[in-house]
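Beneath this line is the structure, given in structure tokens, with notes to follow.
We count residues from 1, following the sequence as given.
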Amino acid sequence: MKTILNILILLLIPIFSYSQEVGYIADEEVIKSDVKPWIGLTSTEYQGVYSLGFSEGSYDMALFFANGQYHGQISFQEWGDNGFPIFKYQNLENVKVKGNKFLSNKYNGKFIIYQGKKGIKINGGIGDYEIGVFHESLVDYFPGKYPHASLTLLSKYTLKDMTYFELKIMRNEIFARYGYIFKLNGKMDKYFKKQGWYRPQHKDVSAFLTTIEKKNIKLIKSFESRKP
């Protein structure tokens with residue numbers, strides 16, 4: 001589900017392997033004449049997960065529309081000291097969608113249709129670009145029982161009838177999605193180790209949390225404190 005990011009490979013492969021005016025989709029060179037603009041009809045049409053990059057420089061970019069604006073995050077893998085891949089995440093800032101244009105602090109580009117498939121054309125260094133394949137569902141990217149805790153700001157009306165245990169699971173599920181390591185043999189450790197998607201890898205995931213998730217964690221905790 002999560003793929004591998006290596007920024008150096010992402011930037012250097014297009015420069016040295018082909019000409020400067022090239023793009024990639026998976027490991028194939030893009031046919032420029034097959035790239036057409038994708039003009040969305042609604043503000044939410046572009047939300048989903050886009051698979052980008054080349055070989056070990058590949059990564060996923062999740063875009064979702066919440067509370068009147070787009071939010072973005074990239075997920076990638078780095079090799080750990082033990083030789084196994086470790087999932088990491090980086091949040092995009094100043095994400096904007098204007099027409100079919102995509103803007104952020106890290107990546108800019110356009111939403112396109114390539115050979116009949118929806119995707120995104122991301123501008124790279126020195127005129128290069130690559131094309132990411134569009135996957136409509138965000139369910140696999142935000143797994144668990146309460147994915148909306150990562151996708152939109154929660155309200156007190158959503159939480160008021162939930163039990164203490166439900167609130168605790170909802171809050172900790174946000175951390176679990178990023179591979180947080182819970183106290184060994186504790187309730188959360190036992191619960192999430194039963195979830196097929198959970199991969200305990202990090203002692204601290206605070207740098208991965210989005211603004212939405214941070215606000216939701218704070219709100220959920222306030223409701224937990226009111227429960228017996």
Side-chain angles (χ1 to χ4, degrees), residues 1-3 5-7 10-11 14 20-25 30 32 34-54 57-76 87-114 116-142 147-155 174 177-178 205-219:
M1 177 178 64
K2 309 298 183 189
T3 46
L5 172 67
N6 183 314
I7 295 296
L10 174 63
L11 293 177
Q20 292 183 356
E21 281 290 320
V22 298
Y24 296 95
I25 182 165
V30 168
K32 293 182 182 180
D34 288 348
V35 179
K36 311 295 181 183
W38 170 16
I39 308 299
L41 300 178
T42 67
S43 57
T44 61
E45 190 168 338
Y46 299 122
Q47 66 177 355
V49 181
Y50 297 81
S51 297
L52 290 132
F54 179 79
S58 59
Y59 60 101
D60 282 345
M61 181 169 67
L63 296 178
F64 55 99
F65 189 81
N67 307 101
Q69 66 182 77
Y70 265 94
H71 304 264
Q73 184 184 74
I74 62 172
S75 63
F76 55 95
F87 295 98
K88 293 191 175 182
Y89 307 83
Q90 184 177 15
N91 294 308
L92 301 179
E93 299 176 1
N94 302 318
V95 178
K96 293 181 175 62
V97 173
K98 298 181 178 180
N100 75 320
K101 292 183 180 179
F102 167 76
L103 305 169
S104 74
N105 65 316
K106 188 173 181 63
Y107 300 117
N108 297 311
K110 293 181 179 181
F111 297 99
I112 56 89
I113 295 177
Y114 181 70
K117 296 180 180 180
K118 294 177 179 177
I120 190 169
K121 176 182 173 183
I122 293 294
N123 300 324
I126 320 179
D128 301 321
Y129 66 87
E130 59 182 323
I131 288 179
V133 179
F134 173 68
H135 304 282
E136 186 173 2
S137 175
L138 287 161
V139 174
D140 289 338
Y141 191 88
F142 293 107
H148 53 289
S150 289
L151 286 168
T152 189
L153 287 176
L154 301 172
S155 71
I174 296 173
R177 278 193 270 273
Y178 295 111
V205 299
S206 56
F208 303 153
L209 299 175
T210 67
T211 301
I212 286 177
E213 290 169 330
K214 290 176 182 178
K215 291 181 178 179
N216 284 340
I217 289 168
K218 184 176 180 180
L219 180 63

Between the side chains of Gln90 and Tyr59, does any donor sit under 3.5 Å from an acceptor? no
Identify the residue among Thr152, Leu151, Val49 that makes a side chain to side chain contact (heavy atoms under 4.5 Å, CB included) with Phe64. Leu151
Contact between Ser75 and Tyr141 at the side-chain level, heavy atoms closer than 4.5 Å - yes or no? yes
Quick check against the 3.5 Å criterion: does Asn91 have a side-chain atom that pairs as donor or acceptor with the backbone of Leu209? yes
Does Tyr70 use its side chain to pair, donor to acceptor, with the backbone of Leu103 at less than 3.5 Å? no
Between Gln47 (side chain) and Phe65 (backbone), is there a donor-acceptor pair under 3.5 Å? yes
Are the ring centres of Tyr178 and Tyr89 closer than 6.0 Å? yes
Quick one, Ile74 with Asp60, criterion side chain to side chain contact (heavy atoms under 4.5 Å, CB included). Give me CA distance, side-chain angles, the key distance, then yes/no. CA-CA 5 Å; Ile74 62 172; Asp60 282 345; over 6 Å; no
Pick out which of Met61, Lys110, Lys96 makes a side chain to side chain contact (heavy atoms under 4.5 Å, CB included) with Phe102. Met61
Could you tell me whether the side chain of Gln73 and the main chain of Phe208 form a donor-acceptor pair under 3.5 Å? yes
What one should report as the nearest heavy-atom pair of Lys101 and Phe111 is O-CE1, 4.2 Å
Please examine the side chains of Lys218 and Glu213, heavy atoms only from C-beta on, and report whether any two atoms are closer than 4.5 Å. no
Glu93 backbone acceptor or donor facing Asn105 side chain under 3.5 Å: yes
Can you tell me how the ring of Phe134 sits relative to the ring of Tyr50, calling it parallel under 30°, perpendicular over 60° and tilted otherwise? tilted
Where the side chain of Tyr46 meets the backbone of Trp38, is there a donor-acceptor pair that is under 3.5 Å apart? yes
Salt bridge (charged side-chain N to carboxylate O under 4.0 Å, His left out) involving Lys121 - partner list, sequence neighbours excluded: none
Heavy-atom closest contact (Ser104 atom, Val95 atom, distance): CB-CG2, 4.2 Å
Using the side-chain hydrogen bond (donor to acceptor under 3.5 Å, both in side chains) criterion, which residues pair with Ser206? Sequence neighbours excluded. Asp204
Between Asp34 (side chain) and Val30 (backbone), is there a donor-acceptor pair under 3.5 Å? no
Looking at Leu138 and Ala62, what are the two nearest heavy atoms and their distance? CD2-CB, 4.3 Å
Regarding His135 and Ser51, do their side chains bring together a donor and an acceptor under 3.5 Å, going by distance alone? yes
Would you say the side-chain atoms of Asn216 pair up with the backbone N or O of Ala149, donor to acceptor, closer than 3.5 Å? yes
Taking the side chain from Asn100 and the backbone from Ile39, do they hold a donor-acceptor pair closer than 3.5 Å? no
